[in-house]
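Worksheet for the structure shown next.
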Amino acid sequence: MSAGSEPFRDALDAAARHATAWLESQPKRHVGPAVSAADLSADFGGPLPDSGMPAAEIINYLAAKAEPGLMAMPSGRFFGWVIGGSLPAALAADWLVSAWDQNTFLRAATPAAAAIEEAAGRWFLDLLGLPEESDVGFVTGATMANFTGLAAVRWRVLADAGWDVDADGLAGAPAIRCLVGQERHDSIDLALRYLGLGRPAAVPTDRQGRIDPAELDRALDRALNGSNGSAPTPLIVCLQAGNLHSGAFDPFLQAITVAKAHKAWVHVDGAFGLWAAAVPEAAALTAGLHLADSWATDAHKTLNVPYDCGIVAVRDTQALRAAMSVNPSYMIRDSGAAADPFQLVPELSRPARGVPVWAAIKSLGRDGVAAQVRRLMERASALADRLSALDGVEVLNDVVYTQVSLAFGDDATTRAVTARIIGDGLVWMSGSRWQGRDVLRISVSDWTTDDGDVGQAVGAVRRALAAVRG
Ligand SMILES: *Cc1c(COP(=O)(O)O)cnc(C)c1O
């Protein structure tokens, strides 16, 4: 069958129609799903069909049956977790990526996809003020971006200690000490576990969840004390841009200075916080960020690119390419100096995930990216200001970025208010635990969130609190 035949047109037209209807329903719809996965299992399950169904009919069926079970994550009233929506250019580019079906692992085989990703990578470094010599890889999310950056760091610290991890693995290797802030994201632990590095040592953090540089200094001293002094001790420090509860940023300049004084390698998890570096007025939050060795972020969060899209940047290009490359016989390599896409990521076969990033940045420009992030920050601080004026609402964090954590007296009240807000469905906010308390957490990450949405959020909290108090 040729790719030009009608079935594609009918199915794609149907998909575009349903997608547009879904997106246009966002400003008005109940945010939470109306049914559970179990409720839907009969619609999508049943016995395996013996025969097929035309593509366009399937799309119509999918859209109709899935509709009540969808969460309005692309809504401006969705404040749960850091999710983000999709910019029109990024979403449409993502569709093209699927239609193009380019397995983007070799530059020579998929030159358009490779060139677009390389441009997106350079723009990304420029936007965030990261070292221009870094390699940039497009992965599935910040978890894999953390994994990839830390794999490069692992390769480097072991190579510096005279150990070839590719050939000899980890058994018998010099011990690697990993230090993280007490409030790092769990995905750091996951990445270290995937890498065989075990559980990291946690360094105390302050009330906002920022790593304490003096404590880091002491922890690094202790790690070096245990070493024999002949070979360098492999040391890795993971810092964080954007704490999930407070939005706080580790003090990069001090922490990296301390880490470098101990010859440690520094990785930064900036899944949503790294984008603060695009906002000139927020420069204080990310001062010194560029002095790290590797950086992980998500494009599917603050940049508002569709899932799934994470980005990793690594200054030590040799370490990254060594950690991620293989040379099977079927890969006829481009002889140029530029890396092939597969050398920068854990996968071999992969879509050109950087294309929607390119489209997002192209559609906004440098100023537009800054304005988008600035707007998210302004909405968060407006929310915090208006909520803190309400009787019985405690704003627990210094609102420096896009996150607000609230409590309403005791844990039971906070949980009840959270459940009430979610049940009402006008907005969605998530319950969480932070520093020993139940909290209601608000994340502002959708590019469409406007003043009206902020007003609805304030109203939803006020009504829920009044109802719970009776
Ligand atoms: C979301 C997040 C991650 C994980 O990102 P995924 O895209 O879910 O893999 C890591 N760190 C922080 C701080 C996050 O907010």
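Bear in mind the structure is a predicted one, so any value in this text is a computation, not a measurement.
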- Please determine if R321 and D135 form a salt bridge, counting it only when a charged side-chain N lies under 4.0 Å from a carboxylate O. yes
- Item | Whether D293 side chain and R315 backbone form a donor-acceptor pair below 3.5 Å | no
- Test item: R77 side-chain N/O and P27 main-chain N/O as donor-acceptor pair under 3.5 Å: yes
- Describe, in one word, how the ring planes of W358 and W123 are oriented to each other, choosing from parallel (under 30°), tilted (30 to 60°) and perpendicular (over 60°). parallel
- Side chains of E183 and Q208: donor-acceptor distance under 3.5 Å anywhere? no
- Item | Gap between atom CD of Q182 and atom CD of Q435 - 0.5 Å precision | 9.5 Å
- Is the closest side-chain heavy-atom distance between I236 and R177 below 4.5 Å? no
- Message: Using every non-hydrogen atom in the two residues, find where A296 and A145 come nearest and quote the distance to one decimal.
- Response: CB-CB, 3.5 Å
- Taking all non-hydrogen atoms of both residues, which atom of V305 and which atom of A360 are closest, and how far apart? CG2-CB, 3.8 Å
- May I ask you to test the T205-D212 pair for a side-chain heavy-atom distance under 4.5 Å? no
- Message: Check this for me: does any side-chain nitrogen of one of E117 and R350 sit under 4.0 Å from a carboxylate oxygen of the other?
- Response: yes
- Task: Taking atom types as modelled, find out whether S25 and R29 have a side-chain donor-acceptor pair closer than 3.5 angstrom.
- Result: yes
- Does T402 reach the side chain of V82, with side-chain heavy atoms less than 4.5 Å apart? no
- Task: Would you check if there is a donor-acceptor pair between the side chains of N103 and S349 at a distance under 3.5 Å?
- Result: yes
- Shortest non-hydrogen contact from L125 toward P131: CD1-O, 3.7 Å
- Message: Whether the side chain of T110 engages the backbone of L106 through a donor-acceptor N/O pair (distance < 3.5 Å, no angle test) should be reported.
- Response: yes
- Test side-chain contact (heavy atoms from CB on, under 4.5 Å) applied to V345 and T148, step by step: CA-CA 7 Å; V345 297; T148 306; 5.6 Å; no
- Message: When you compare the side chain of F252 with that of L291, does any pair of heavy atoms fall below 4.5 Å?
- Response: no
- Check T448 against S75 and note the closest heavy-atom contact, atom names and distance. OG1-C, 4.0 Å
- Fit a plane to each ring of F272 and Y401, take the angle between them on a 0 to 90° scale, and name the class: parallel (under 30°), tilted (30 to 60°) or perpendicular (over 60°). parallel
- Message: Please check this pair: side chain of D164 against backbone of D166, looking for a donor-acceptor N/O pair closer than 3.5 Å.
- Response: yes
- Roughly how far, to the nearest 0.5 Å, is the OH atom of Y307 from the CG atom of D94? 13.0 Å
- Message: If I take atom CG from residue D269 and atom CG from residue L239, how far apart are they, to the nearest 0.5 angstrom?
- Response: 10.0 Å
- Query: Any donor and acceptor pair, going by atom type alone, linking the side chain of D411 with main-chain N or O of D438 inside 3.5 Å?
  - Reply: yes
- Query: Considering only heavy atoms from C-beta outward, does the side chain of L383 approach that of F79 to under 4.5 Å?
  - Reply: yes
- Item | Residues, nucleotides or ligands: over 12 heavy atoms within 6.0 Å of R207 CZ | no
- Do R154 side-chain atoms and L195 backbone N/O form a donor-acceptor pair below 3.5 Å? yes
- Do P200 and L192 touch side chain to side chain, with heavy atoms closer than 4.5 Å? yes
- Task: Decide yes or no on side-chain contact (heavy atoms from CB on, under 4.5 Å) for H262 and T233, but give the supporting numbers first.
- Result: CA-CA 9 Å; H262 291 82; T233 301; over 6 Å; no
- Message: Run the side-chain contact (heavy atoms from CB on, under 4.5 Å) test on S86 and N304 for me, step by step, so that the C-alpha distance in whole Å, both residues' side-chain angles and the decisive distance to 0.1 Å come before the verdict.
- Response: CA-CA 5 Å; S86 295; N304 280 253; 5.9 Å; no
- Intermediate values then yes/no, salt bridge (charged side-chain N to carboxylate O under 4.0 Å, His left out), R156 and D160: CA-CA 6 Å; R156 172 54 67 197; D160 286 353; 3.5 Å; yes
- Reported CG-to-CG distance for the pair D308 and D298, which is rounded to 0.5 angstrom: 9.5 Å
- Judged by atom type as modelled, is there a donor-acceptor pair below 3.5 Å linking the side chain of D250 to the main-chain atoms of I211? yes
- Task: Over 60° means perpendicular and under 30° means parallel, so classify the ring planes of W81 and F78, tilted if in between.
- Result: tilted
- Item | Where P306 and L91 come nearest, the two heavy atoms and their spacing | CG-CA, 3.8 Å
- Message: For a salt bridge (charged side-chain N to carboxylate O under 4.0 Å, His left out) check, start with the C-alpha distance between D424 and R463, then their side-chain angles and the critical distance, and finish with the verdict.
- Response: CA-CA 10 Å; D424 283 351; R463 280 192 305 280; 5.1 Å; no
- Message: With a 4.5 Å cut-off on side-chain heavy atoms, are L130 and F124 touching?
- Response: yes
- If only atom types and distance count, is the side chain of S445 paired as donor or acceptor with the main-chain N or O of I83 below 3.5 Å? yes
- Query: More than 12 foreign heavy atoms under 6.0 Å from CD of E132: is that the case here?
  - Reply: no
- To the nearest 0.5 angstrom, please state how far the OG atom of S388 sits from the CG atom of L406. 9.0 Å
- Side-chain (W447) to main-chain (V373) donor-acceptor, under 3.5 angstrom: no
- Would you mind reporting whether R184 and D189 have side-chain heavy atoms less than 4.5 Å apart? yes
- Kindly indicate, with the supporting measurements, whether the criterion side-chain contact (heavy atoms from CB on, under 4.5 Å) is fulfilled by W155 and V153. CA-CA 5 Å; W155 187 92; V153 174; over 6 Å; no
- Message: How long is the straight-line distance from CZ of R441 back to OG of S430, given to the nearest 0.5 Å?
- Response: 4.5 Å
- Task: Flag yes if more than 12 heavy atoms outside K362 fall under 6.0 Å of its NZ atom; otherwise flag no.
- Result: no
- Is it true that the side chains of S405 and H245 contain a donor and an acceptor less than 3.5 Å apart? no
- Query: Only one of D451, D385, D450 clears salt bridge (Lys or Arg N to Asp or Glu O under 4.0 Å) with R379; which?
  - Reply: D451
- Query: Hey, are S246 and Q403 close enough side-chain-wise for a donor-acceptor pair under 3.5 Å?
  - Reply: no
- Can you tell me if N146 and S187 form a side-chain donor-acceptor pair at under 3.5 Å? yes
- Between E378 and R375, is there a salt bridge with N-O shorter than 4.0 Å? no
- Message: I'd like to know if the side chain of Q26 reaches the main chain of L23, judged simply by a donor and an acceptor atom lying under 3.5 Å from each other, with no hydrogens or angles considered.
- Response: no
- Item | Side chains of D410 and T413, donor plus acceptor under 3.5 Å | yes
